[in-house]
2 protein chains.
Amino acid sequence: MSTPERLIESTRELLWERGYVGTSPKAIQQHAGAGQGSMYHHFAGKPDLALAAIRRTAQEMRATADGVLGGTGSAYERIEAYLLRERDVLRGCPVGRLTMDPDVVASDELRAPVTETLDWLRDRIAGIVQEGQERGEFAATLDAQAIAATVVATVQGGYVLARASASPAAFDTGVRGLLALLFAATTPAP
Amino acid sequence: MSTPERLIESTRELLWERGYVGTSPKAIQQHAGAGQGSMYHHFAGKPDLALAAIRRTAQEMRATADGVLGGTGSAYERIEAYLLRERDVLRGCPVGRLTMDPDVVASDELRAPVTETLDWLRDRIAGIVQEGQERGEFAATLDAQAIAATVVATVQGGYVLARASASPAAFDTGVRGLLALLFAATTPAP
DNA sequence: GTCTATATACAGATAGAC
DNA sequence: GTCTATCTGTATATAGAC
């Protein structure tokens, strides 16, 4: 891997683990096996490098989610597949965790990929819920956008619960509760 | 307010806003209007002060939640009251945000109040769901612990969505979706 | 209890040699 | 492109005077 590549990948790792505020240029250089001068040759500074890392992480999360949500099956099944997909639960969401980073939230540029990704995810899920409603699978009275927001929030909050208890179980339990509620909102096939 | 009090309160504010990693002793001193020597006279250092602050914040959150959850009304209504209670949504949860702080999670002492508070909250809500089931208000097939985890996760994740979009609307939308699903899981009064 | 002085290390770069 | 030197400021304290 080229040096800029290693720097971006290292930054992604460290941002995920320690956040923007907790990640120093020095730590990035050491993780990437690159020198000081090398890093500043390829990137203008910490914010520039972080932007590249955040954009890539956001892009990757989007692709992963799209892959699962675009699968086959009923609306319920596709949302279920998304909720049950394999996750590194205790590491948290590499995109969502950035919303708790004051310096990321304070910067329009750094926050933009986070905003866009979570907005996209919500809309993507809302589309599936709506599809399910058109097919008579979900009750037509539901607000697709609201259900989608609940789904995304449960995932993001599930990470919080899991990290608080230092165990992935809490994430799974929250997801199980949501799936039970969602299933109860499906209408039996005619 | 006494100097130790001002130091604790300042630390609470800064932990809420910038997290543990992003909060320096110097910033605390300035916010509290206390000198360097003064702070180190009353507290052993940053972790000691943070522990006092986190404990108090956790205690306060518990008291607030208990006040709302212990109100009158049906199980659904009490959970609804908790979900709709006034919140400083864009600031996030002062307890939950600590789970994204690497230094807090790495310390058993600092993490303990976070773990305990979220565990307590989950159990408290599970008790209410179960009560609702015993009264025939909620379907008996639901897993009370799972529903409680979903409720807490939706709130914690709602903060993430709100901060990502820099607007409290996403929090409200997620809560609305959850309430719709919960309501659909109630059985009509006989 | 509070203040000032001092100390070591790290944060986040810039400059210029190679 | 990469390296080393250098720089200013901050992080997180400790020591001792008042």
Side-chain angles (χ1 to χ4, degrees), chain A residues 1-56 97-98 100-111, chain B residues 1-56 97-98 100-111:
Chain A
M1 223 185 335
S2 68
T3 299
E5 270 308 304
R6 286 199 327 274
L7 284 165
I8 292 178
E9 289 302 314
S10 295
T11 304
R12 297 209 311 144
E13 288 290 320
L14 291 168
L15 283 182
W16 194 357
E17 197 173 319
R18 306 205 29 97
Y20 182 86
V21 168
T23 298
S24 70
K26 189 177 188 179
I28 294 170
Q29 292 150 26
Q30 288 174 341
H31 190 284
Q36 189 108 333
S38 192
M39 179 190 132
Y40 283 102
H41 172 74
H42 294 290
F43 297 94
K46 177 174 161 177
D48 185 35
L49 186 43
L51 182 58
I54 291 174
R55 280 189 174 144
R56 185 174 295 183
R97 73 112 56 232
L98 297 172
M100 295 302 150
D101 226 303
D103 291 5
V104 171
V105 174
S107 154
D108 286 342
E109 254 196 316
L110 293 179
R111 194 184 57 247
Chain B
M1 226 185 333
S2 68
T3 298
E5 271 306 305
R6 286 199 327 273
L7 284 165
I8 292 178
E9 288 302 314
S10 295
T11 304
R12 296 209 313 145
E13 288 289 321
L14 291 169
L15 283 182
W16 194 358
E17 197 173 320
R18 306 204 31 96
Y20 182 85
V21 169
T23 297
S24 69
K26 188 178 188 178
I28 294 170
Q29 292 150 26
Q30 289 174 341
H31 190 284
Q36 189 109 331
S38 192
M39 179 191 132
Y40 283 102
H41 173 73
H42 295 289
F43 298 92
K46 176 175 162 177
D48 185 36
L49 186 42
L51 183 58
I54 291 173
R55 281 188 174 144
R56 184 174 296 184
R97 74 112 55 230
L98 297 172
M100 295 303 150
D101 227 302
D103 291 4
V104 170
V105 174
S107 155
D108 286 341
E109 254 197 312
L110 292 179
R111 195 185 56 247

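Chain letters run A, B, ... following the sequence lines, proteins first, then strands; residues in each count from 1. Below, all heavy atoms of this structure are taken into account, side chains as well, without hydrogens, waters or symmetry copies.
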Query raised in the report: Quick one: A:Phe43 CZ to C:dA13 P, roughly how many Å, whole number?
Result: 14 Å
Query raised in the report: OP1 or OP2 of C:dC3 less than 4.0 angstrom from a side-chain nitrogen or oxygen of B:His41, does that happen here?
Result: no
**Report entry** Length of the line joining B:Glu5:CD and C:dG1:C1', which is rounded to integer Å
**Finding:** 16 Å
Query raised in the report: Expressed in angstrom and rounded to an integer, what is the separation of B:Gln30 atom CD from D:dG9 atom C1'?
Result: 13 Å
Query raised in the report: How far does CG of B:Asp101 sit from CG of B:Leu15, to the nearest 0.5 angstrom?
Result: 8.0 Å
Query raised in the report: Roughly how far, to the nearest 0.5 Å, is CD1 of B:Ile28 from CD of B:Gln36?
Result: 11.0 Å
Query raised in the report: Going by heavy atoms in the side chains, are B:Asp103 and A:Arg18 under 4.5 Å from each other?
Result: yes
Hey, can you pull the donor-acceptor pairs under 3.5 Å for the side chains in residues 41-49 of chain A, sequence neighbours left out?
unit_1, atom_1, unit_2, atom_2, d
A:Lys46, NZ, A:Tyr20, O, 2.9
A:Lys46, NZ, A:Thr23, O, 2.8
A:Asp48, OD2, A:Ala44, N, 2.9

Query raised in the report: Salt-bridged, A:Glu9 to A:Arg12, with N to O below 4.0 Å?
Result: yes
Query raised in the report: Partners of A:Glu13 by side chain to side chain contact (heavy atoms under 4.5 Å, CB included), sequence neighbours excluded?
Result: A:His31, A:Arg91
Query raised in the report: OP1 or OP2 of D:dT2 less than 4.0 angstrom from a side-chain nitrogen or oxygen of A:Thr3, does that happen here?
Result: yes
Report summary line: Its contact letters, B for base, S for sugar-phosphate only and - for none at protein heavy atoms under 4.0 Å, make nucleotides 11-18 of chain D read SSBB----
